[in-house]
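What follows is a short report on a single structure.
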Amino acid sequence: MSATTASATGDQLTPKQCRILEYLRDNADTQTYFKSRLIGDELDLSAKEVGSNMTAIQNSDLDLDVEKWGYSSSTTWKVTA
């Protein structure tokens, strides 16, 4: 976990959650909707792992707003900075 990630979360996130958060931050400026399956493919995680960890990110006080958006073929998350 980078110092930037740690200082910006306010909460203690697991290393897996920090990896997902970093991925979202890196891509939120060019993309709004993210599928759990595709995040998992990028980070070598299962869609289920991504989905279960997104809840902690969603409930944390962060610089990103994460909202569960849809369920077709994989949960879709709406992420806004």
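Side chains included, hydrogens not; waters and symmetry mates left out as well; all remaining heavy atoms used. Throughout, numbering of the chain's residues begins at 1 and tracks the sequence.
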Inset, instruction - Check the surroundings of atom CG in Asp29: do more than 12 heavy atoms from other residues, nucleotides or ligands lie under 6.0 Å from it? - result: yes

Inset, instruction - Indicate yes or no for a side-chain donor-acceptor contact from Gln17 to the backbone of Thr14 under 3.5 Å, with no hydrogens or angles considered. - result: yes

Legend entry - Expected output: side-chain Glu22 to main-chain Arg19 donor-acceptor under 3.5 Å: no

Inset, instruction - State whether Lys78 and Asp65 are salt-bridged, where the test is any N-O pair (Lys NZ or Arg NE/NH1/NH2 against Asp/Glu carboxylate O) under 4.0 Å. - result: no

Work out which heavy atom in [X] is nearest to a heavy atom in [Y]; give both atom names and the distance.
| X | Y | value |
| --- | --- | --- |
| Leu13 | Ser60 | CD2-OG, 3.6 Å |
| Val79 | Ala28 | CG1-CB, 4.2 Å |
| Ser36 | Ala47 | CB-O, 3.7 Å |

Enter the distance from [X]:[atom1] to [Y]:[atom2] here, rounded to the nearest 0.5 Å.
| X | Y | atom1 | atom2 | result |
| --- | --- | --- | --- | --- |
| Glu49 | Lys16 | CD | NZ | 4.0 Å |
| Cys18 | Ile57 | SG | CD1 | 8.0 Å |
| Asn53 | Gln58 | CG | CD | 12.5 Å |

Under 4.5 Å between any side-chain heavy atoms of [X] and [Y], yes or no?
| X | Y | value |
| --- | --- | --- |
| Trp77 | Lys68 | yes |
| Ile20 | Leu45 | yes |
| Lys35 | Thr75 | no |
| Ile39 | Leu24 | yes |

Legend entry - ILVMFWY cluster, Tyr23 and Leu38 together (side-chain gap under 4.5 Å): no

Legend entry - Test side chain to side chain contact (heavy atoms under 4.5 Å, CB included) applied to Arg25 and Leu21, step by step: CA-CA 6 Å; Arg25 283 184 174 152; Leu21 177 60; 3.8 Å; yes

Legend entry - Summary of ring pair (Phe, Tyr, Trp, His ring centres under 6.0 Å) pairs that have at least one residue in residues 24-59, sequence neighbours excluded: Tyr33-Trp69

